[in-house]
Amino acid sequence: MSGVFRLVMNSMIKSISDANVGSKKVFVRLDFDVPVRNGEIEDDSRLVSGLPTVNYLLEKNAVVIAAGHIGRPDGIDEKFSTKIIAKWFQKKLLSSKIEITEVEKLKAFRLNKNFYILENLRFDQGEEKNSLEFSQKLASTAQIYVNEAFGVSHRAHASVFGIAKILPSYAGYHLIREVKILSKTLDNPKRPLTFIIGGAKIETKLPLISKMHRFADFVLVGGELAEQTKILAEEQHAKIAGQKAMLLVADLTKDTLDITLNSVKNFEQVIENSETVIWNGPMGFIEEGHDQATLELAKIIDKKKVYKIIGGGDTIGFLSNKKLLNNYDLVSMGGGAMLEFLSGDKLPGIKALEK
Ligand code: 3PG
Ligand code: MG
């Protein structure tokens, strides 16, 4: 996967394989935002997606400064420490021990002389504020920047956006694959195309739902989103001039913690008539065991021979544990990022890589 890669709207990003990384210090923005429960990583798909890029750099004898965020911590909070990620990489890279150290005054976990993992970037306010000072601090650790975190590329944060403006910047292997497949789907999808949206993060998703109406033929809304947006989504939908998508908002169970199986049946009928299905976000509070509807829906989509794409940390974590992830054409590491990409918006993190 080498060469300058042409994106939608004729912009270009360079693949890491075009960079002269040998013996250089390379800052790699990875996706560490995995679901963690009782101190254990529940699903490591996002970490696995970055491995080919990390291994490539290590084979080239680069010094890898790997960094990312977990969750939305409010300042320094050990619960969100990337130590858990360092331990995961320790196993993968067979490092003998993890040493706590500093890289340009940033706390880091050293696995060997060529591999460092920075502490959760969101412990510093400068990350989300995209402050110039923090971007420069991150940039001072390396000579080259690589973005291998599609899932956070919709955030104009220091490690995604600011640093890419300072250092020569490249895209990691998985990010390129994501952007290629999603661009193709956006440009020329097999229709009818059905969008299924659930989960939380209303503030990110609600504005995107209305944009989906222009791209999708059917929009199915479930989860927490269904409860909070039933009226809003329907009102928004009605307002879209010339909208062609059909909107179906699920009904919630009495305890409001899942959607009804009847709603899943209605969704099934729509899926039956689709050629492409794109899914983001669980239907109920799966983390608290309210996973019946999500599981039903996953089984229906698994069996159906459609072009299928799934995204979002929680959804892929759940499906991967249920062994229902193998039949997808793309498992996107992006939740909000995937939705925003498919709504036609340019993601700041990808824009920052353009030449
Ligand atoms: C995600 O989980 O979608 C990404 O890690 C981005 O997280 P955020 O919504 O907290 O910025
Ligand atoms: Mg997340």
Side-chain angles (χ1 to χ4, degrees), residues 28-37 41-50 66-77 79-82 84-85 88 117-131 134-135 147-164 172 174-175 178-179 182 196-209 212 223-225 228 278-282 285-287 309-320 330-343 345 347-352:
V28 190
R29 199 343 172 152
L30 291 170
D31 196 340
F32 291 165
D33 196 22
V34 291
V36 176
R37 197 202 289 239
I41 295 175
E42 275 197 310
D43 174 63
D44 61 2
S45 306
R46 284 180 160 179
L47 300 175
V48 171
S49 77
H69 77 276
I70 302 178
R72 294 176 170 181
D74 191 9
I76 297 174
D77 182 344
K79 269 206 315 283
F80 294 95
S81 172
T82 53
I84 192 167
I85 307 295
W88 186 90
I117 293 178
L118 299 187
E119 183 52 286
N120 193 336
L121 296 167
R122 290 190 180 175
F123 284 0
D124 194 303
Q125 287 192 352
E127 165 66 358
E128 289 177 66
K129 286 191 180 140
N130 187 34
S131 83
F134 194 60
S135 302
N147 182 347
E148 185 57 304
F150 178 81
V152 74
S153 293
H154 58 320
R155 306 287 185 216
H157 294 171
S159 68
V160 179
F161 189 75
I163 186 174
H174 188 81
L175 186 133
E178 290 242 10
V179 172
L182 292 177
I196 308 172
I197 307 180
K201 295 196 183 172
I202 314 289
E203 72 290 356
T204 306
K205 290 181 185 176
L206 191 58
L208 299 175
I209 292 184
M212 292 311 166
E224 208 180 318
L225 215 54
Q228 302 197 21
I278 304 174
W279 182 11
N280 164 275
F285 284 84
I286 53 172
E287 66 279 16
I309 295 178
I310 187 154
D314 300 327
T315 327
I316 62 174
F318 178 76
L319 265 66
S320 140
L330 173 68
V331 177
S332 171
M333 295 305 136
M338 178 184 90
L339 293 181
E340 208 159 314
F341 190 99
L342 291 172
S343 78
D345 290 349
L347 307 188
I350 295 184
K351 208 169 162 194

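All values derive from a computational prediction rather than experimental measurement. In listed order, ligands and their atoms are each counted from 1.
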Requested in this report: For residues W279 and L319, determine if any side-chain heavy atom of one lies less than 4.5 Å from a side-chain heavy atom of the other.
Outcome: yes
Query raised in the report: Do R29 side-chain atoms and S153 backbone N/O form a donor-acceptor pair below 3.5 Å?
Result: no
Report task. Decide whether an N or O pair under 3.5 Å exists between H69 and ligand 1. Result -> yes
Query - Note, I117 side chain near F32 side chain (heavy atom, < 4.5 Å) - result: yes
Query raised in the report: In ligand 1, which numbered atoms sit nearer than 4.0 Å to a non-hydrogen atom of G151?
Result: 3 (O), 4 (C), 6 (C)
Query raised in the report: Does the N or O separation between D33 and ligand 1 drop below 3.5 Å for any pair?
Result: yes
Report task. Pick one of side chain, backbone, both or neither for how M333 approaches ligand 1, counting any non-hydrogen atom pair under 4.0 Å. Result -> neither
Query - Per-atom contacts of ligand 1 with R46, taking only distances under 4.0 Å to non-hydrogen atoms - result: 1 (C), 2 (O), 3 (O), 5 (O)
Report summary line: Note: ligand 1 atoms sitting under 4.0 Å from heavy atoms of R155 are 8 (P), 9 (O), 11 (O)
Query - Distance, nearest 0.5 Å, that separates CG of D124 from CZ of F134 - result: 4.0 Å
Query raised in the report: Can you find a heavy atom in the side chain of R122 that is under 4.5 Å from one in the side chain of R72?
Result: yes
Query raised in the report: With a cut-off of 4.0 Å, which atoms of ligand 1 are near a heavy atom of R72?
Result: 8 (P), 9 (O), 10 (O)
Query raised in the report: Just heavy atoms, cut-off under 4.0 Å: does R122 contact ligand 1 by side chain, backbone, both, or neither?
Result: side chain
Report task. May I ask you to decide if A158's main-chain N or O and S131's side chain share a donor-acceptor pair within less than 3.5 Å? Result -> no
